[in-house]
Colleague: 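Right, I'll just put the structure down here and ask away after.
The structure presented is a predicted model; accordingly, all values stated were derived computationally and were not measured. Letters go in sequence order (proteins before strands), and every chain restarts at 1.
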There are 4 protein chains.
Amino acid sequence: MSDEQRKVGVAVIGVGGAVATTAIAGVELLKVGACGTEGLPLADVTSLVPYTSLVFGGWDLDGDDLAKAAHLHGVLEPRVVEAAGAGLAAVSPWPAVADPEYCRNARGANVIPVSSVRGRVDHVRADLERFRIEHDLDRVVVVNLASTERWPDLTLPSLQTPEAFAAAVDADDPVISPSMVYAYAAILSDCPYVNFTPSASADIPALLELALQRDVPVSGKDGKTGQTMMKTVLAPAFRSRALHVDGWYSTNILGNRDGQILDDADSLSSKLQTKGTVLDSCLGYPVEDHVVRIDYYRPRGDEKEAWDNIDLTGFLGQRMQIKVDFLCRDSILAAPLVLELVRLSDEAARRGEGGAQEQLGFFFKAPITRDGSAPEHALYRQEQVLREWLAR
Amino acid sequence: MSDEQRKVGVAVIGVGGAVATTAIAGVELLKVGACGTEGLPLADVTSLVPYTSLVFGGWDLDGDDLAKAAHLHGVLEPRVVEAAGAGLAAVSPWPAVADPEYCRNARGANVIPVSSVRGRVDHVRADLERFRIEHDLDRVVVVNLASTERWPDLTLPSLQTPEAFAAAVDADDPVISPSMVYAYAAILSDCPYVNFTPSASADIPALLELALQRDVPVSGKDGKTGQTMMKTVLAPAFRSRALHVDGWYSTNILGNRDGQILDDADSLSSKLQTKGTVLDSCLGYPVEDHVVRIDYYRPRGDEKEAWDNIDLTGFLGQRMQIKVDFLCRDSILAAPLVLELVRLSDEAARRGEGGAQEQLGFFFKAPITRDGSAPEHALYRQEQVLREWLAR
Amino acid sequence: MSDEQRKVGVAVIGVGGAVATTAIAGVELLKVGACGTEGLPLADVTSLVPYTSLVFGGWDLDGDDLAKAAHLHGVLEPRVVEAAGAGLAAVSPWPAVADPEYCRNARGANVIPVSSVRGRVDHVRADLERFRIEHDLDRVVVVNLASTERWPDLTLPSLQTPEAFAAAVDADDPVISPSMVYAYAAILSDCPYVNFTPSASADIPALLELALQRDVPVSGKDGKTGQTMMKTVLAPAFRSRALHVDGWYSTNILGNRDGQILDDADSLSSKLQTKGTVLDSCLGYPVEDHVVRIDYYRPRGDEKEAWDNIDLTGFLGQRMQIKVDFLCRDSILAAPLVLELVRLSDEAARRGEGGAQEQLGFFFKAPITRDGSAPEHALYRQEQVLREWLAR
Amino acid sequence: MSDEQRKVGVAVIGVGGAVATTAIAGVELLKVGACGTEGLPLADVTSLVPYTSLVFGGWDLDGDDLAKAAHLHGVLEPRVVEAAGAGLAAVSPWPAVADPEYCRNARGANVIPVSSVRGRVDHVRADLERFRIEHDLDRVVVVNLASTERWPDLTLPSLQTPEAFAAAVDADDPVISPSMVYAYAAILSDCPYVNFTPSASADIPALLELALQRDVPVSGKDGKTGQTMMKTVLAPAFRSRALHVDGWYSTNILGNRDGQILDDADSLSSKLQTKGTVLDSCLGYPVEDHVVRIDYYRPRGDEKEAWDNIDLTGFLGQRMQIKVDFLCRDSILAAPLVLELVRLSDEAARRGEGGAQEQLGFFFKAPITRDGSAPEHALYRQEQVLREWLAR
Ligand SMILES: NC(=O)c1ccc[n+]([C@@H]2O[C@H](COP(=O)([O-])OP(=O)(O)OC[C@H]3O[C@@H](n4cnc5c(N)ncnc54)[C@H](O)[C@@H]3O)[C@@H](O)[C@H]2O)c1
Ligand SMILES: NC(=O)c1ccc[n+]([C@@H]2O[C@H](COP(=O)([O-])OP(=O)(O)OC[C@H]3O[C@@H](n4cnc5c(N)ncnc54)[C@H](O)[C@@H]3O)[C@@H](O)[C@H]2O)c1
Ligand SMILES: NC(=O)c1ccc[n+]([C@@H]2O[C@H](COP(=O)([O-])OP(=O)(O)OC[C@H]3O[C@@H](n4cnc5c(N)ncnc54)[C@H](O)[C@@H]3O)[C@@H](O)[C@H]2O)c1
Ligand SMILES: NC(=O)c1ccc[n+]([C@@H]2O[C@H](COP(=O)([O-])OP(=O)(O)OC[C@H]3O[C@@H](n4cnc5c(N)ncnc54)[C@H](O)[C@@H]3O)[C@@H](O)[C@H]2O)c1
Ligand code: NA
Ligand code: NA
C-alpha cells in the first residue's frame, strides 16, 4: 500500500489542551492548503506518512469539542480556528483516566466511571480498538499531552519489571499514575507511545522492558521547545569555544493552563527535573549556579517569555555575560514536534523497531535511553543521529 | 625532536594592538602558571606545539614596547599586565609597512623608510629571517592583527596570478595593500600566514595560488568571536527546528581602537562584508532584513556589547522574537583563537599541507576555501571538520 | 453653548497616514463605545471638548479613503478597522501641497495643481473655510502629521519676520517648505496649529511672531512617544540619584512608512535633531557619548522596537549599566497625544491665548518656547506645568 | 559652632556589612580627596553637616575590623579598600544584640553576653554614650544596616504603646526583635534612628509614639536603590501617559551576603512586603499580576542584576512590553543614601523635628508616615518634598 493511502490514527491524552488542539488545527489547515510548513522540521522527508493522513481522537477531562477548546486557549486567532473549524468540531474528547492525587490543578467532569486500575487499562484499550475500527486506521499512535503529574517514587519494586507492574495493576497499587495506565494500555495494544510531558510514564523500567518485549516503539520525555532547546544549542557552543559557564539563570513567565498547572509545586518539580541535567551534560561539568524558575503570569497567555542570563569566564579568567530573551509561543513550538513524533513513531513501527527510540532524542528535554545511560543533549548531535536513522 | 623542545616564532602584524598584546600576555601568564586554559578551545590537544613554546615578535606603527601598549589598551587590569610584564616589555615592535590610503585612522611613526613595494617585501622578509635566527626558531608563523584596511578592487588583473602579482609589486602598483605586502613576504619566506582581520590579504587568487605552489599554509579571514560566532550557532538551530528567520538586526557598540578604526566608513565596509553572508549560508535562504551596525561608543572600551534581535516565524505562520545581548570582551575572545591558529598552522606545515587551510574555518567569519566555493559557516560542523583533521 | 454641543474640526496634514488614521479610528470607536480611554492622558479632564465632538478632514498625497489607508498601515487588526469603518470611509483626503525637494520618499498623485506659493497658501485656506462651513464647525485645528521633511536653513532672512516671510511667499522663495505653507495658511485663517512632526514649520521666528500677532495658538514639535519619552523619565531620575550618565546608546528598528521615510538621510537628520538635546537638558551636563540610531527594518511594521543602553557611574566611581527594551506601537502611542493636543489647542483658543503654547511641552520632543529659550524636557515637570495650566 | 567644626557620630547596626563598609570607605576616600561625589544626591547642599565630619562606629556579629570585612565583601577593588585602609582598620565592631529566632542565616560570635531584654537595651545605650564621649561627638545617629529579620506579628498589644512596649521589654517578651532593641535604645538616648533594612523596627506604633514624645527623628524603611527605585520612576510615567499596567514581572539575582540571607523564606517575606505596594500606589490601581522574585545566585556577588518585564495596554486596547535590565551595584547604590540620611537626620534633630520624618521618603521603599496613612512613592514627588523641606 502506498504512503498516500495509509491512515495513521493519533490518540491524544489531553486532546483538548493547547498543544493538542494547535497540532490538530495545523493538520486541518495543511489539508486545505491554508498554511505552510514552517516549524515542521521534517517537512522535506517524504518517506514518512504525510501530515494530512493523520486522523485525531483522544481523551480529555474536559468534554468540550476541540473547536470550543481551541477558542478558549487563544493560541490561534479566532479566524484561524474557524478556518480549521469543521475538523476540530468533529473531535469530542473521550472520557479520561484521572486522579487528583497525581495532578491537583487539572479538574474536569469527563472521566471514566471505572475505579479499578485494571478496569481503566481495559477501558483505554477498548477506546483504541474502537478508534482504529471506526476510522479504518493502519496504525494508532498514542501521544501524551496531558497536564504534568507529580513525580512518583521510581524506586518502588512495582515499577521495575513487567510482571511486578502487572501485579500492581491488578492490586490497584496507588503508585500507578494515570499516565502509566495510558502507556501500559498503549503498549499492550501495540500502539507506539510518545510521552511529550514531564510525567513519569512509559519511561519506567517495567514499561520500557514490556515495550521491548512486544516490539512497540516508545519515546519521551518532555518536548524540548523553548528555553531548554536554546540551552542545548548554546551550551555546546560555549564548550566549543572553551568558555566556562559559571552560572546560568533561567526564568520563564507564562499564562496558559500549563502555566497554571505548574503553579502547583508538585507538578513543577517534575518539570524542573527534566530541565535540570541538560546543561551539565552539554558542558561536561556541573554548573553549580544553575537556577530555573517557572512563574505563572497571566498577561502573557500562551505567549511565554523565557529570559536567561549566562555568566561566562574566558581567556585569562575574564568575565562575560550573555542574556537571551525568547518571546516564544509555547504551543506553536510544541505542536509541530508532536506531528513529527507521530510520523517517526509510525516509521519505527513499520521498521519493526520497538522499545526506547533513542534517535528521537532531538525532540525531548529528557530523552529516554535503552540502557538507562545518560542521553545526548546537544541539539546538533541529536539531529545528526535522527538524520542518519532516517537515511538508513 | 620532541614537541617540548621545538620553538615556534609568531611574527605579528599589529603586535602592539589589543588582541596581540592580550595573546602575548596570556602566554607569559601560562608560562608562570598564573592562569588557566579557559577560552583556549584546543587546550586538550597535546599533539600541537605547546603554548609556552611560542616566541613573539612583530611589526607595529606604534613603536612603544608591549607592556606600555597593554597598559594603554586596558584589556587587562594593571596588575595582570604587570604579572606578564617582563615578557611584554621585552618585545619592541619592528617598523611597519603602512599606507594611509588603506587605513586612514591608523597613524604612527614607526614605519620603514622604504617606498618601493619590492623594497618593502624584502624588508619584511629580512625581519622574518632575523627573527628566526635570533631566537633559533624551528618555524615562524605570521599573523595579521593589524587595523582593518579598506576594501580593494579584487577583480583587477594584478591580483589574479602569482606572475601578475609579482609584476605589480615590481611596478609599485597601488592596488597592493600593506597587508598584501606582508602576506606575500611571508609566503615567499615559507612562513605560514594567518589573516585574523577582515582586510583582503592572502585570500586573493594570486597569493592563494602562490601559497599552494610553495606549499605554505594560509588561513583567514576575520576572527569569528562574538556576535558572528553566535549567529553561526543560532541560525543552524533555527534551521533544525524549521523556524523561519524573517529578519535579524545586529548592533555592536565598542570603544577600543578597533572601534575607532571602524568608525571610518572604508574600514567598516570591509568588516560588514565578512559579517554579511554568514547568516544566509547557515539558513539556506537569503534573509532580506539582515541589518548589521557597528558603532563607536567610548564608555565601553574593549568591553564590547553586541545586541541582536531576531524575528522568527513558526508553525501556522505565528511570529516569535529572540533578543540576545552579549556583554563580551573583544580581545579576550580573540586572543586564544589566535594562539590556536598559530599552533594549527605550525601543524599543517609539519604535515606538509600548503595552500588554503579549510579545516580552520572554525575560527573565521569568512573562511577561505581552496576553490573559492562557499564555505561552511555552522560552528558545530566547522568544529567537526577541525576535530577530524586533528584526528587524522 | 455647552461643550457637548460644540463641534471642533481637525484638518490633518497627512490624514491618510498611520498616526492620523489611528487617531480617527479611535474617535469612531469611542463614539460607538467600542473602546476605553487607555492611552488618553486627559480622559479625566471634562472641561475640554469631548473626543466625540471632533470632526476629521485633511490633506494627503495619497487620495485613498481612510478605511483603505488604515487597512494598508496594519496598525489595527482588520476587524477593528471595520468596526470604525463608516467613519473612516467617509473621509477622502484633499489634494496636498507637496515638494519632492523637501521629502524625497513621500510620493503620491493627490496634489493640488497650483505652483505659486501664494496660490498654494490660498488653496489651503479655501480648504479650511470649506471644511468649516460644510460641517458647521465652531473651530478648526490644523495638525501636521505628514512625513518628515528635510531640514531647511533656518538662518535665512526670509524666515525671520512676518513681513519677510510674506514677501518670500510672493516671490516663490524655495526656502518655503510645504509644511510652512500649511502653517502659514492655518495662522492666517485663525486655526490653531499643531506640529507633531520633526519638520521645521510654525516654529520659525516669522510664523511664531505672526501667530502671536494674530492670537493663534501654535505648538510643536515632534510628538514625544517612545524612546525619547522614556529618556525624559529616566534621565531626571538618574540626576535625582546623582548617577552620572557616561553614555547612552539608543537604537530604533521600525518598518512602517515613517521608517521608510526616515531611511532617507535628509529626513533622518531632522528627526535626529529633535531627539538630540533632550538628554543633556534633563541631566544638566552634556553626554558626549549619546548615540541615536533609527533603522528601517520591515519585519516589525508599526511595532517599533527601541533598545537603549545606558552607562552610569555611581558612588566611588563604580560603573553600572541599564538596558531598556521597549516593544512599542508607534502609532498607538502617538494617536491619543494628537487627540489631546487638538482639545488643548481648542481650549487655548477659547481662552484667547495665542502664540507658542509652552504648557504643551509635555507632548513634544522639541517643545517650542515663546522666547526661543531652552525648553523644559523632564516629563513630570512638563506634566505639572500642563496640569497647572488646566487648573487655571 | 560652625558646621565644619561639628562632629556627628554614626553608630551602625551591621557595621561590618557590605553597605556599611562601602559607606565608611567612601567617607575615608572623600577625606583624602580620592573620589568625587557621584552617587551622593545632596552633594550640593552645604547646609548639612559635611560628609567628612562623620565619625563611624557600630555593632556586628562578626568582630573582624572593617578593612578585613571590606576585602571580604569584594564591593570595592583591593586597591580602593587599601586607599581607605587606615580609617577602616581603625573600626572594630562592638558586640551585637542578636537572636537566631529573628534571622536564621546571620551567624557570628561577636555577641553581647546579656540575655535579658532590658539588659540589652542598657548595653546598647552604654555603647552609644561611650562612643559619644570617646570621639567628643555633637550628636550620634543610629543606622540599621543589619541583615533582614523575619516579620513579627505587628498586631500584638505589646507593640502598640510606649508603656506596653516598656513592659514587654521588662518581661523579656519574645516579640521584641533585636532591631527593636536597638531602635528603643537609640530613641531613649535621643539618637536619631534610620532603618535602612526591611525589618520591623522603629516603625511600630509604640516606638513611633515614643520618638514623637522625646522629639527624636526616626525614618525608614528599606533603602530604595535598584529595581524598586526604577519602579517608582517608571510607573508614574506610565500613569502620566495613561498606559495601563497589566502585569509587572521582576526578578533579582544577587550573590552577596544579603542575597544569602534573603535565601531564607522568612527574611525574604519581609523584603517582598516592602517591595509590594509601591506599584499600586504609583499607578492608582492594583496590578494583579505583580510578581517579584529574589534569587541567590553566586557568580554575580554584589553586582546584582534586576530584570523587569512590564506589560502595558495603550490606546485602543493595544498591547506593548518594556523590559528593563539593571546591572547594578547593590552596595554602591545604597551607601551614599545612608550618608545622606545621616546628614538629614542630624539636620532634623538640629531643627528640633522629632517623630517620623516623612520628608525622607525619597530614600525608602516603604516610607513611614506620621499617621500611618499611605506614603507617597513617586520618586520625583518625594524629591520635591525633600527639596522643599531643605529650602525651609
Ligand atoms: N512548549 C510546550 O507547550 C510544551 C513543551 C514541553 C512539554 N509540554 C507539556 O505538554 C503538556 C500539554 O501542554 P498544554 O500547554 O497543551 O497544556 P494544557 O493544560 O493546555 O492541556 C493539557 C490537557 O490535558 C488534560 N488532562 C489533564 N489530565 C488528564 C488526564 N489524566 N487524562 C486526559 N486528559 C487530561 C487537560 O484537561 C488539558 O486539556 C503539558 O504536560 C506540558 O508540560 C508542553
Ligand atoms: N574580537 C576581536 O577583537 C576581533 C575579531 C575579529 C577581527 N579582529 C581584527 O583584528 C585586528 C586587531 O584588532 P585589535 O582590537 O587588536 O585592534 P587594535 O587597533 O588594538 O590593534 C591594531 C594594531 O595594528 C597596528 N597597525 C595598523 N596598521 C598597521 C600596519 N600597516 N602594520 C603594522 N601594524 C599596523 C596598529 O598600530 C595597532 O597597534 C583588527 O583588524 C580587528 O578588526 C578583531
Ligand atoms: N510615534 C509616532 O508615530 C510619531 C512620533 C513623533 C512624530 N511622528 C511623526 O508623525 C508623522 C506621521 O507619522 P506616520 O507614522 O503617520 O507616517 P505615515 O508615513 O504613515 O503618514 C504620513 C502621511 O503624510 C502624507 N504626506 C506626506 N507629505 C505630505 C504633504 N506634503 N501633504 C500632505 N500629506 C503628506 C503621506 O502620504 C502619508 O500618508 C511623521 O512625520 C512622524 O515622524 C510620529
Ligand atoms: N541596595 C542595598 O544594598 C540595600 C537596599 C535596601 C536595603 N538593604 C538592606 O540593608 C541591609 C544591609 O545590607 P548588606 O548588603 O550590607 O548586608 P550584609 O549581609 O553585607 O551586612 C549585614 C551585616 O549585619 C550584621 N548583622 C546581622 N545581624 C546583626 C545584629 N543583630 N546586630 C548587628 N549586626 C548584625 C551581619 O553580620 C553583617 O555584617 C540588609 O538588611 C539589606 O536588606 C540593602
Ligand atoms: Na504548552
Ligand atoms: Na509613526
Colleague: Quick check for you: among A:Cys35, A:Ala25, A:Gly26, which has the greatest number of heavy-atom pairs under 4.5 Å with chain B?
Modeller: A:Gly26
Colleague: Out of B:Phe326, B:Tyr380, B:Phe238, which one racks up the most heavy-atom pairs below 4.5 Å with chain A?
Modeller: B:Tyr380
Colleague: Given heavy-atom pairs under 4.5 angstrom as the criterion, report whether the side chain, backbone, both or neither of A:Leu333 touches chain B.
Modeller: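 Side chain only.
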Colleague: Against chain B, label A:Leu339 side chain, backbone, both or neither, depending on which of its atoms sit under 4.5 Å from a heavy atom there.
Modeller: side chain
Colleague: What's the verdict on side-chain contact (heavy atoms from CB on, under 4.5 Å) for B:Asp325 and A:Val324, showing C-alpha distance, side-chain angles and the deciding distance?
Modeller: CA-CA 6 Å; B:Asp325 194 24; A:Val324 181; over 6 Å; no
Colleague: Identify whether NZ of Lys or CZ of Arg in B:Arg241 sits under 6.0 Å from the centre of the six-membered ring of A:Phe362 and within 45° of that ring's axis.
Modeller: yes
Colleague: To the nearest 0.5 Å, how far apart are SG in A:Cys328 and CD in B:Gln318?
Modeller: 12.5 Å
Colleague: Run B:Val233 and A:Val233 through side-chain contact (heavy atoms from CB on, under 4.5 Å) and show every step you take.
Modeller: CA-CA 7 Å; B:Val233 169; A:Val233 169; 3.6 Å; yes
Colleague: Could you go through A:Arg319 and B:Glu303, starting from their C-alpha distance and side-chain angles, then the distance that decides it, and tell me whether this counts as side-chain contact (heavy atoms from CB on, under 4.5 Å)?
Modeller: CA-CA 10 Å; A:Arg319 310 275 310 265; B:Glu303 305 190 17; over 6 Å; no
Colleague: Evaluate the side-chain contact (heavy atoms from CB on, under 4.5 Å) criterion for residues B:Leu316 and A:Leu76: first the C-alpha distance (whole Å), next the side-chain angles of each, then the deciding distance (0.1 Å), finally the verdict.
Modeller: CA-CA 9 Å; B:Leu316 302 181; A:Leu76 302 169; 3.7 Å; yes
Colleague: Pick one of side chain, backbone, both or neither for A:Glu305, based on which atoms fall under 4.5 Å of a heavy atom in chain B.
Modeller: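 It is neither, since no heavy atom gets under 4.5 Å.
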Colleague: By a 4.5 Å heavy-atom criterion (distance strictly below it), what part of A:Thr22 contacts chain B: side chain, backbone, both, or neither?
Modeller: both
Colleague: If you count heavy-atom pairs under 4.5 Å with chain B, which of A:Glu77, A:Met229, A:Met320 comes out on top?
Modeller: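 Winner by heavy-atom pair count: A:Met320.
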Colleague: Is A:Glu383 close to chain B through its backbone or its side chain, or both, or neither, when contacts mean heavy atoms under 4.5 Å?
Modeller: side chain
Colleague: Let me know if A:Leu42 has heavy atoms under 4.5 Å from chain B in its side chain, its backbone, both or neither.
Modeller: neither
Colleague: Just how far is it from atom CD of B:Gln382 to atom OG of A:Ser240, taken to the nearest 0.5 Å?
Modeller: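 Between B:Gln382 CD and A:Ser240 OG, I get 10.0 Å after rounding to 0.5 Å.
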Colleague: Using 0.5 Å steps for rounding, measure from the CZ atom of A:Arg329 to the CZ atom of B:Phe315.
Modeller: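 Atom-to-atom, A:Arg329:CZ and B:Phe315:CZ are 12.0 Å apart.
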Colleague: Counting only heavy atoms closer than 4.5 Å, note whether A:Glu340 contacts chain B via side chain, backbone, both or neither.
Modeller: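 Nothing of A:Glu340, per the 4.5 Å heavy-atom cut-off to chain B.
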Colleague: Which one of A:Arg387, A:Gln384, A:Arg381 has the most heavy-atom pairs closer than 4.5 Å to chain B?
Modeller: A:Gln384
Colleague: How long is the straight-line distance from CH2 of A:Trp307 back to NZ of B:Lys323, given to the nearest 0.5 Å?
Modeller: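 If we round to the nearest 0.5 Å, B:Lys323:NZ and A:Trp307:CH2 are 15.0 Å apart.
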Colleague: Chain B: which of A:Leu29, A:Asp308, A:Ile332, A:Ile310 shares the most heavy-atom pairs with it under 4.5 Å?
Modeller: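 Going by pairs under 4.5 Å, I would pick A:Ile332.
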Colleague: When only pairs under 4.5 Å are counted, which of A:Met230, A:His244, A:Arg239 shares the most heavy-atom pairs with chain B?
Modeller: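 Of the candidates given, the most pairs with chain B belong to A:Met230.
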Colleague: Against chain B, label A:Leu40 side chain, backbone, both or neither, depending on which of its atoms sit under 4.5 Å from a heavy atom there.
Modeller: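 Interface part for A:Leu40: both.
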